[in-house]
2 protein chains.
Amino acid sequence: MSDQTTCRRDARPRRLILAGAHRQPGYCLTCGIRAQSVCSVIDDDDIARLAETAVETLVLPGRSFIEEGAAATDFYNITSGSVKLFKALPDGRRQITGFATTGHFLGLAVSDQYAFGAEAIDTVRLCRFSRPRMRQLMDDFPRLERRLLAEASNELVAAQNQMLLLGRKTARERVASFLLERMREAQDPAEDVPLPMTRSDMADYLGLTIETVSRTLSWMRTERLVAIGKGHTVRIIAMERLQTLAAGDAA
Amino acid sequence: MSDQTTCRRDARPRRLILAGAHRQPGYCLTCGIRAQSVCSVIDDDDIARLAETAVETLVLPGRSFIEEGAAATDFYNITSGSVKLFKALPDGRRQITGFATTGHFLGLAVSDQYAFGAEAIDTVRLCRFSRPRMRQLMDDFPRLERRLLAEASNELVAAQNQMLLLGRKTARERVASFLLERMREAQDPAEDVPLPMTRSDMADYLGLTIETVSRTLSWMRTERLVAIGKGHTVRIIAMERLQTLAAGDAA
DNA sequence: GGGCTGATTTGATCTGAATCAATGCCTTTT
DNA sequence: AAAAGGCATTGATTCAGATCAAATCAGCCC
């Protein structure tokens, strides 16, 4: 743990640059997740402008690509994989402020510097947009700025819900809320809820400890609220009871 | 307490409408806080457009003007007074997500409905802008939308800091952080820190109880970190020690 | 298959803050 | 001026979750 912490603090963010900027519009034209991301507001006619701005990046599991406090030079759009966003205290205490996945746009919560760090949970692919270029795109395409404002609004709503959870919910209510949120985020809600992150990450997101997260999941299994599957998945069995618990409505 | 809670839940938001929309640009031209608010991006030449959109509103202490879950019809700009923004659970547990004061623009954290409630701490004056009209202004004045995106970004940064506080800080660290934040918000940082809200509100903001907030302030007084003044003010005595405590850096 | 490492679960004990209770203080009302 | 009401402080006790410790599990590598 101490070795990992040291390594994480001193290591420069490492990632593979695939090929630098792709100057051909085909890059963005063939993007599989364009429809669900902020890029969808740019028409096919103008797609070259977008493509010349985007730099595709691969980040290996456990590697970070945004360092808290660093100068805010870029925006990022996640094209595949899972990312944890976090803030840390000097003694290593950590609060994960969000989990981001395919289609999430990162970089709105900044002033001059990044207010958070970002680290890949599994293998992650990103498009990186430099802030000056993005600024120019926003000026040229007002729809883009409008879309970013909508993204920011959604993030603010989510942040307020997280504050309520952290400030006032019990451990059980927090874990229940977390499972339901993960389910909503999944591409196919009918399947098992994918939980690619560790118990430690969940704890850092919920303001709890690893042991309490584990204990609570075990309690839910015993109460037949969920079934804990293999390969980092959870199946929700008693959906309404879980929702009642998450809403703070249990008797 | 229960009587107040009941009243607060059932009462329709009450406020005084001063005179309806002011159709004369003089209204916004003479606004004392325009320079520090989002309205500053609108030039004097175009001020009539702004004035015809703004509805001045007076809200008495204790009254709410935004109801969580209601249809999001308006934005608000605070022109004087203090406001608490909050989310509530069914059993009355409450999390204050922010304190807003002069110059704060409210209404960005919404989807179709308001995700939070807002209530006046003291006498509050507001300008209200209907969302359709504001939408039109944003289209006509791209600077405005850009400014709102910057406001949203700042709010996201603040939200992340609040998540860190709620998720990982001790009670002492929380109260210290709160005092420093209030000091930064005050118009004149050289004077005593104004705390117009009750201990209960502080507790709901910090994820603590009334007693813990009071105990912690008393401890700080005993340790000569602060002096607790009359009329809802606190004077910070040992600034650096308080900053160290708030940063989670105390030994 | 065996060994190793990191993650997860489980058990026992501890603790920071919550809860409950009472008192004090300040402001408003009569 | 006295009473009432609301807020703040203080003391005693309790408790939800943290901390500490150990056992088990899962995945990877040889």
Side-chain angles (χ1 to χ4, degrees), chain A residues 1-5 7-8 61-62 84 91-95 121-122 165-176 195-222 226-234 245 248 250, chain B residues 1-5 7-8 60-62 84 91-95 121-122 165-176 178 195-222 226-234 245 248 250:
Chain A
M1 166 70 183
S2 56
D3 186 46
Q4 281 187 11
T5 301
C7 177
R8 201 180 301 146
K84 57 192 167 189
D91 61 0
R93 279 176 284 170
R94 189 176 68 163
Q95 178 62 43
I121 291 172
D122 43 36
L165 176 146
L166 291 170
R168 287 294 178 242
K169 287 192 176 179
T170 65
R172 286 177 179 174
E173 287 164 348
R174 294 182 196 193
V175 174
L195 300 176
M197 69 294 288
T198 62
R199 294 293 187 270
S200 179
D201 287 340
M202 294 177 208
D204 282 340
Y205 182 60
L206 299 175
L208 300 172
T209 62
I210 298 170
E211 293 89 350
T212 301
V213 170
S214 187
R215 250 181 266 280
T216 307
L217 284 171
S218 299
W219 170 79
M220 287 180 172
R221 188 192 66 229
T222 304
V226 303
I228 303 182
K230 301 245 170 168
H232 287 274
T233 62
V234 164
L245 178 58
Chain B
M1 169 68 186
S2 58
D3 185 46
Q4 280 188 11
T5 302
C7 178
R8 201 181 299 146
L60 298 177
K84 55 192 170 188
D91 61 0
R93 280 177 283 172
R94 188 177 68 164
Q95 178 63 43
I121 292 172
D122 41 36
L165 175 146
L166 291 171
R168 288 294 180 238
K169 288 193 175 178
T170 66
R172 286 176 181 177
E173 288 165 348
R174 295 183 194 191
V175 175
F178 176 70
L195 300 176
M197 69 294 288
T198 61
R199 294 292 190 267
S200 179
D201 287 338
M202 294 179 209
D204 282 341
Y205 181 61
L206 299 175
L208 301 172
T209 62
I210 298 169
E211 292 90 350
T212 301
V213 169
S214 187
R215 254 184 263 279
T216 307
L217 285 171
S218 298
W219 171 79
M220 288 179 171
R221 188 193 65 230
T222 305
V226 302
I228 304 182
K230 303 243 168 175
H232 288 272
T233 63
V234 164
L245 178 57

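Throughout, a chain's letter reflects where its sequence line sits, starting with A, and its residues are numbered from 1. Because the structure is predicted, anything quoted here is derived from the model rather than measured. Only heavy atoms go into these numbers, but all of them, side chains included; no hydrogens, no water, no symmetry mates.
Contacts between residues 196-209 of chain A and DNA chain C, defined by a heavy-atom separation under 4.0 Å, are made by A:Thr198, A:Arg199.
Taking atom CG of B:Leu195 as the reference point, atom C1' of D:dA8 lies 13 Å away to the nearest angstrom. Per the geometry, CZ belonging to B:Arg172 stands 13 Å off C1' belonging to C:dT15, to the nearest Å. Taking atom CH2 of residue B:Trp219 and atom C1' of nucleotide C:dA17, one finds them 15 Å apart after rounding to whole Å. Rounded to whole Å, atom P of D:dA16 lies 13 Å from atom CZ of B:Arg93. Remark: C1' of C:dT19 and CD1 of B:Ile210 are 12 Å apart, rounded to the nearest angstrom.
When each of A:Arg199, A:Arg174, A:Arg215 is checked for a side chain to side chain contact (heavy atoms under 4.5 Å, CB included) with A:Leu208, only A:Arg174 meets the rule.
Nearest-nucleotide positions on DNA chain D for A:Glu211 and A:Lys169 put A:Lys169 closer to the 5' end. Residues A:Arg168 and A:Ile228 each lie close to DNA chain C; by heavy-atom proximity, the contact nearer the 5' end of the strand is made by A:Ile228.
In terms of heavy atoms, B:Pro196 sits closest to B:Asp122 at CB-OD2, 4.0 Å. Minimum interatomic distance between A:Tyr205 and A:Gln95 (heavy atoms only, all atoms of both residues): O-NE2, 3.2 Å.
For A:His232, whose side chain is taken as the heavy atoms from C-beta onward, the closest listed nucleotide among D:dT10, C:dA12, C:dT8 is C:dT8. Among C:dT9, C:dA17, C:dT19, the nucleotide with an atom closest to any side-chain atom of B:Thr170 is C:dA17.
Inter-residue side-chain proximity for B:Thr198 and B:Asp201 is flagged as met; some heavy-atom pair is nearer than 4.5 Å.
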### Task
Give the C-alpha distance, both sets of side-chain angles, the deciding distance and a yes or no for side-chain contact (heavy atoms from CB on, under 4.5 Å) between A:Met220 and A:Thr216.
CA-CA 6 Å; A:Met220 287 180 172; A:Thr216 307; 4.3 Å; yes

### Task
Begin with the C-alpha distance, continue with both residues' side-chain angles, and end with the deciding distance and a verdict on side-chain contact (heavy atoms from CB on, under 4.5 Å) for B:Arg168 and A:Arg94.
CA-CA 7 Å; B:Arg168 288 294 180 238; A:Arg94 189 176 68 163; 5.7 Å; no

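Residue B:Thr212 places at least one side-chain N or O closer than 4.0 Å to OP1 or OP2 of C:dA18.
Note on B:Arg174: nothing from the nucleic acid sits closer than 4.0 angstrom, heavy atoms only. Residue contacts for A:Ser218: at a heavy-atom cut-off of 4.0 Å it reaches the sugar-phosphate backbone alone, with no base atom in range.
Atoms CD and OG, on B:Glu211 and B:Ser218 in that order, are 12.0 Å from each other to the nearest 0.5 Å.
Looking at A:Arg215, its side chain comes within 3.5 Å of the base of D:dT19 through a donor and an acceptor atom.
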